[in-house]
*Asks:* 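Quick one: this structure, given as structure tokens, is what I'll be asking you about.
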Amino acid sequence: MTVAPALELRQVARSYAEGRGRLDIFGGLDLTLHAGEIVALVGHSGSGKSTLLAIVGTLARPSSGTVSHGGLGASRRQVREQLGWLGHDALCYADLTGRENIELAARLYGLDAALAFEQA
């Protein structure tokens with residue numbers, strides 16, 4: 001039985017304009033992950049780890065290449081409704097509880113906050 005990939009990156013590259021030139025963060029990345037796999041992303045500071053995760057999490061777009069989120073959906077909104085994301089900065093409000101932060105984030109994305117706790 002062939003299992004469909006949960007995530008596929010094909011020739012994904014990211015670069016930024018810097019001064020009069022261009023700064024290449026990474027280029028030509030191919031990656032296929034299946035549901036249930038555990039992957040470690042390792043690299044030195046500035047190697048593009050957070051940038052890659054932002055692309056996978058739909059928080060940034062690649063400069064070139066394609067990202068497919070498998071059965072999570074074709075649009076950024078569909079993917080965001082299914083994909084959990086927590087970067088190195090949690091961006092939570094310290095004066096809210098964990099539950100209140102999740103409820104706020106759900107409402108900001110137009111989601112039913114109660115569903116976040118039913119599926120956990």
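What's counted below: heavy atoms across the whole structure, side chains too, no hydrogens, waters or symmetry copies.
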*Asks:* Do the side-chain N and O atoms of Ser75 and Arg80 include a donor-acceptor pair separated by under 3.5 angstrom?
*Replies:* no
*Asks:* Look at the side-chain heavy atoms of Ile, Leu, Val, Met, Phe, Trp and Tyr, link any pair under 4.5 Å apart, and say whether Val42 and Val12 land in one connected group.
*Replies:* no
*Asks:* Would you name the heavy atoms of Ala74 and Gln78 that are closest together and state the gap between them?
*Replies:* N-OE1, 2.8 Å
*Asks:* Do you know the tightest heavy-atom contact between Ala106 and Ala113?
*Replies:* CB-CA, 3.7 Å
*Asks:* Looking at Asp112 and Ala114, would you say the former's side chain and the latter's main chain have a donor-acceptor pair under 3.5 Å?
*Replies:* yes
*Asks:* Would you please name every residue forming a side chain to side chain contact (heavy atoms under 4.5 Å, CB included) with Ser63, sequence neighbours left out?
*Replies:* Arg14, Ser15, Arg22
*Asks:* If you count every heavy atom of other residues, nucleotides or ligands that lies below 6.0 Å from Arg61 atom CZ, does the total exceed 12?
*Replies:* no
*Asks:* List the atom of Pro62, the atom of Val67, and the distance in Å for their closest heavy-atom pair.
*Replies:* CG-CG2, 4.5 Å
*Asks:* When clusters are formed from ILVMFWY side-chain contacts under 4.5 Å, directly or step by step, what else is grouped with Leu108?
*Replies:* Tyr93, Leu96, Leu104
*Asks:* Rounded to the nearest 0.5 Å, what's the gap from OG1 on Thr66 to CG on Leu9? Could you check?
*Replies:* 7.5 Å
*Asks:* List the residues meeting side chain to side chain contact (heavy atoms under 4.5 Å, CB included) with Ala13, not counting sequence neighbours, and say none if there are none.
*Replies:* Ser64
*Asks:* Just verifying a value: how many Å separate Ile102 CD1 and Arg107 CZ, rounded to the nearest 0.5 Å?
*Replies:* 12.0 Å
*Asks:* Quick check against the 3.5 Å criterion: does Lys49 have a side-chain atom that pairs as donor or acceptor with the backbone of Gly43?
*Replies:* yes
*Asks:* State the CZ-CG distance between Arg76 and Leu59, to the nearest 0.5 angstrom.
*Replies:* 7.5 Å
*Asks:* Do the side chain of His34 and the main chain of Leu7 share a donor and acceptor less than 3.5 angstrom apart?
*Replies:* no
*Asks:* Would you find a donor on one side and an acceptor on the other, under 3.5 Å apart, between the side chain of Arg10 and the backbone of Asp30?
*Replies:* no
